[in-house]
Amino acid sequence: MRQSQAFIPTLKEVPADADIVSHQLLLRAGFIRQTASGIYSFLPLGKKVLQHIEAIIREEMDATGANEMLMPALQPAELWHQTERWDAFGPELMRMKDRHDRSFALGATHEEVITSLVKDELNSYKKLPLTLYQIQTKYRDEKRPRFGLLRGREFVMKDAYSFHDSYESLDQAYELMYQAYSNIFSRLGLNFRAVIADSGAMGGKDTHEFMALSEVGEDVIAFSDTSSYAANIEMAPSMDQYTESQETMLPLDKLATPNQKTMQEVADFLGHSLEQGLKTLLFKIDQSFVLVVTRGDHEVNDIKLKHLYQASTVELATEEDATNLFHAGFGSLGPIHCSSDVEIIADYGVRYVRNATCGANEDGYHYVNVNPERDFKVTQFADLRFVKEGDPSPDGSGKLQFARGIEIGQVFKLGSFYAEKLGANFLNEQGKAKTLIMGCYGIGVSRTLAAIVEQYHDEKGMVWPKQLAPFQVHLLVMNSKKEDQVEVADHLYQALRAKGIDVLYDDRSERAGVKFADSDLIGIPIRITVGKRASEGYVECKIRENGEQSEHQQSEVIDHIQSLLV
Ligand code: 9G3
């Protein structure tokens, strides 16, 4: 493509509302433009990269035997009523009405559509297992769209759905898809981890998230420093490695702690460490209140609370709830002499503390020399806290380290929820009607593009891996007014294209500096510059990734380029 005829609107300045590198560079290099908050157009260069990513996804999905198809974005509301999800998802599910005033959802995901589609077709075990997938635009009305393509309201997703007559078959499909995802993200050149994750609203049991490591990632992953163990921090179990303390129990005492509110203030006031304080938080789990006690230096993990109670909602109670129940504010709550019959549970880290401090359920007072069992009872001890860096890895080998990640893929064992709700059954070998068992598997394609830029850039711009770059070669002519330079460049352009090499030819009548800056910004792996030495038949080659430069006779530069492209 000749740049004088291309639509690549580069920008010098960093756009004001773009606060992460991938968002800034994709805008500046003319790959995307925002149409509305969280809604983007892919300009020609962005679209080319998207196509390369999709091609790799397709190859690996097709290799698993999955069938590509395409479903509508407009989904009849009836389907979402049948799965009781029409109301479950509030304003995030975009809805509209047609001319006959019938309600539709704009597809945020396609479990309903695909299950209702196969329900009349997959009626025999002989037709199972089957995996169908699509690469299609999804709509989710995010409350706070941000970070460009990382959290948009309209985005490209590959979503796949598998159908089975048994859980063994589902397990096989899950493994196959897990491996296909590892192949995809490796071929995309990403530094990623597959982590044990929480199935969230989807229910079902196993699920793994694929995380591209990045400081701008919203998720925190905990991984072992010596094994392959990795989990979303929400799921990482804290090993109950506590032992009985030998310290003698001192008599319980109640001290005035005027105006000391936070755990740290109380600890400092009493000359204690944070570990010796007991943190007591009031949670509302579904419709009941629960008092949760942890060591002062630990944080309650609400996902673990949710799993413990098989609850659908877990949230911190309000200060008002606390004063209504305990006649004391948040900073004074404690497990001793609770004035109400609220259930009290504690993290394992509390079981063996000795002579700790805790709130006295009376503003301005705290207990000291608090000892569990003697001074307060709990319904149960459980793993209720977030793990910390340095905690032992749950697989028994090494210690945990943290990293931030961008969730670019997720694989789920769905089970039969959707098939039950939509009446999708099949006849098994004995002719008995059974409910289909499903798996679902997603990749955020446009989000993955941004994750790649986060991992592949330098201070001058993007640095595309060669298999993803919008073009393989960037050909620059330094002075488009010099006949000899233009002649050499035009010849090279034709010769490279004749070899099937994708070339972006900067034939614009711009200053050299502008061309170099744009070329560094766009990040095409190989740059050929035709300049003053063209008259002696020499051109320059520069590798974007490492800045390596070399001079070549025009006659052999194409062989050199082909050697770089293998
Ligand atoms: C909605 C809205 C947002 C949603 C969902 C539904 C997430 C929803 C979970 C999934 C599960 C898998 C197939 C591909 C892989 C992920 N956010 N999820 O179901 F209506 Cl507004 O999408 N679906």
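Every number for a ligand or one of its atoms is a count from 1 in the order of the listing. This structure is a prediction, so every number in the text was calculated from the model and none was measured.
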Worksheet item: So which bit of Arg140 gets within less than 4.0 Å of ligand 1, heavy atoms only: side chain, backbone, both or neither?
Response: side chain

Worksheet item: Hey, which atoms in ligand 1 end up nearer than 4.0 Å to a heavy atom of Cys440?
Response: 12 (C)

Worksheet item: Can a non-hydrogen atom of Tyr139 be found less than 4.0 Å from any atom of ligand 1?
Response: no

Worksheet entry | Pair Glu111 + Arg85: basic N to acidic O under 4.0 Å | yes

Worksheet entry | Atoms of ligand 1, numbered as shown, that sit under 4.0 Å from any heavy atom of Ala108 | 1 (C), 2 (C), 20 (F), 21 (Cl)

Item to complete: Measure up the His81 and Trp86 rings against each other and bin them: parallel (under 30°), tilted (30 to 60°), perpendicular (over 60°).
Response: tilted

Practice prompt. Just jot down the side chain to side chain donor-acceptor pair (under 3.5 Å) partners of Arg447, sequence neighbours excluded, or say none.
Written response: none

Discussion item. Any salt bridge linking Glu218 with Arg151? Criterion: basic side-chain nitrogen under 4.0 Å from a carboxylate oxygen.
Written reply: yes

Discussion item. Below 4.0 Å, non-hydrogen atoms only: which portion of Tyr133 touches ligand 1? Side chain, backbone, both or neither.
Written reply: neither

Item to complete: Determine yes or no for a side-chain-to-main-chain donor-acceptor pair under 3.5 angstrom, with Glu389 supplying the side chain and Gln401 the backbone.
Response: no

Worksheet item: Between Lys48 and Asp502, does at least one N-O distance fall below 4.0 Å, as a salt bridge requires?
Response: no

Discussion item. Below a 4.0 angstrom heavy-atom separation, can you tell me which part of Met94, side chain or backbone, both or neither, approaches ligand 1?
Written reply: neither

Fill in: Lys138 to Phe155 six-membered ring, cation-pi geometry met (6.0 Å, 45°)
no

Worksheet item: salt bridge (Lys or Arg N to Asp or Glu O under 4.0 Å): which pairs involve residues 55-69, sequence neighbours left out?
Response: Glu54-Arg58, Arg58-Glu68, Glu59-Arg187, Glu60-Arg187

Worksheet item: Which ligand 1 atoms are under 4.0 Å away from a heavy-atom of Trp80?
Response: 20 (F)

Worksheet item: Aromatic rings Phe192 and Phe210: how do their planes relate, parallel, tilted or perpendicular, breaks at 30° and 60°?
Response: tilted

Discussion item. So, regarding Arg85 and ligand 1 (criterion: nitrogen or oxygen to nitrogen or oxygen, under 3.5 Å), is there a contact or not?
Written reply: yes

Worksheet item: Contact between Glu111 and ligand 1, counting heavy atoms under 4.0 Å?
Response: yes

Practice prompt. Of the side chain and backbone of Leu93, name the one, both, or neither that has a heavy atom under 4.0 Å from an atom of ligand 1.
Written response: both

Worksheet item: Under 3.5 Å, N or O to N or O, is Asp159 touching ligand 1 that way?
Response: no

Discussion item. Taking 4.0 angstrom as the limit and counting only heavy atoms of Gly442, give me the atoms of ligand 1 inside it, by number and element.
Written reply: 14 (C), 15 (C)

Discussion item. Looking at ligand 1, would His110 count as a contact under a 4.0 Å heavy-atom criterion?
Written reply: no

